[in-house]
Amino acid sequence: MGRRAYLHRKKETGKRLFGVFPAQYPREIFWAMNAIPVEIWDPPIESADAGAHLQPYICSVVRCGLSLILQKKTDLLDGFLFPHTCDSIQNMASIVNDYMGLDTPCFFFYHPKAPYKKGSRNYYAGQLKLLADDLAKHLGPLDSHVLKHSVDQGLDMLKHIADAYEMRRLGRLSVSNSSFYQNIRLAEYLHPDDFIPGFESFLKVSKGQNLKGPAIILSGILPHPEILKILDQQGVRVVDDDLLSCGRRIPLSFGQAEDPYEIMVENYFAMPPCPTRGSPIQERIDFLIDRAHQSKARGIIFCGIKFCEPELFDMPLMAAAAKEAGLKTLLLDLEVNQPVSGQLGTRVEAFIEMMR
Ligand code: SF4
């Protein structure tokens with residue numbers, strides 16, 4: 001069942017739907033309030049109309065997201081959430097909330113940025129409660145037992161995804177790169193009641209040795225389907241990633257506290273380093289090189305998004321460090337929903353040849 005059909009069905013069963021822009025937010029609070037967060041990263045639409053509202057140097061993630069609203073393709077949604085990810089998302093949040101005059105309510109989420117201090121954990125817990133209180137005005141009160149159940153489900157979901165990453169890293173997942181990311185990305189909108197059993201079946205049927213072909217890591221914002229297709233055609237294995245929409249949202253250790261808010265706090269502060277959370281560049285470099293060694297990757301493709309400031313500041317330094325560590329690197333400047341040009345495709349193929 002496609003995404004829209006799924007969301008229609010959920011709406012008919014009484015769930016409320018919230019459009020969530022990238023990247024970090026507490027999905028468990030939505031589930032506990034009988035709502036489903038539906039992430040908006042790369043909707044398959046033309047984004048030309050957003051140009052009238054945005055500067056020409058805004059990334060395609062924001063352009064596509066705004067176009068989705070302008071083209072009234074968000075009619076199913078009961079609200080929007082704008083996490084404080086980057087200036088571009090903030091910019092869009094104020095256009096949508098302050099100038100577009102929508103009836104759909106907008107919510108905001110201000111997570112802490114590094115360097116984390118003593119008060120950062122308390123601040124984050126406070127922001128979680130603030131968001132829950134704001135949502136409660138529209139969705140009704142939050143039951144703490146239901147929240148605990150949702151947080152446990154969230155943990156279960158994350159553990160399944162982490163297992164899939166581990167199996168892939170060890171070459172024990174016989175599945176194409178495209179199929180792997182199609183399944184991982186279902187977490188962007190499926191309720192855990194639906195995601196977990198489906199993902200368990202995926203893991204079960206995908207078990208098998210997969211050690212042939214050069215191994216690489218993807219770094220950047222999100223996987224581009226056409227790049228994955230080229231890698232599949234060329235027999236290249238993506239063995240790990242440092243993508244904001246995927247691996248960078250899997251905590252390196254899972255929350256163990258009893259209190260559901262404390263579990264969400266633990267998970268947040270255990271996530272891999274990320275420029276949208278202000279992580280120092282050296283932390284990112286160390287993390288990436290370590291991942292490459294652990295997974296025996298020979299190269300890294302940096303899937304940059306054109307005009308994505310947080311990522312583009314770090315990319316050249318990370319690529320230089322990776323080269324120094326003996327890894328092959330390729331830096332791409334992509335747009336979501338745009339086909340990969342012949343020239344770009346040739347660069348990817350040349351990179352693969354070089355690795356061989
Ligand atoms: S691609 Fe970069 S600039 Fe655009 S929304 Fe994501 S983090 Fe922000």
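Everything quoted here is computed from the prediction, not taken from an experiment. One-based numbering, in listed order, for ligands and for the atoms of each.
- At least one N, O or S atom of C59 sits under 2.8 Å from atom 4 (Fe) of ligand 1.
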- [ ] Before giving the answer on ring pair (Phe, Tyr, Trp, His ring centres under 6.0 Å), spell out for Y116 and F269 the whole-Å C-alpha distance, their side-chain angles and the decisive distance to 0.1 Å.
- [x] CA-CA 9 Å; Y116 299 126; F269 287 96; 4.8 Å; yes
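- Annotation for Y181 and D241: closest pair OH-OD2, 2.7 Å, computed over non-hydrogen atoms.
- Counting only heavy atoms of the protein, atom 2 (Fe) of ligand 1 lies nearest to C308 SG, 2.3 Å.
- Near C86, meaning under 4.0 Å from any of its heavy atoms, are these atoms of ligand 1: 3 (S), 5 (S), 7 (S), 8 (Fe).
- When each of M354, K323, R298 is paired with K328, the side chain to side chain contact (heavy atoms under 4.5 Å, CB included) condition holds for M354 and for no other.
- Applying the 4.0 Å criterion to heavy atoms of I89 picks out, from ligand 1, the atoms 5 (S).
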Open item on the list: One pair to check against ring pair (Phe, Tyr, Trp, His ring centres under 6.0 Å): Y189 and Y6. What are the steps and the verdict?
Closed with: CA-CA 9 Å; Y189 67 94; Y6 173 81; 5.7 Å; yes
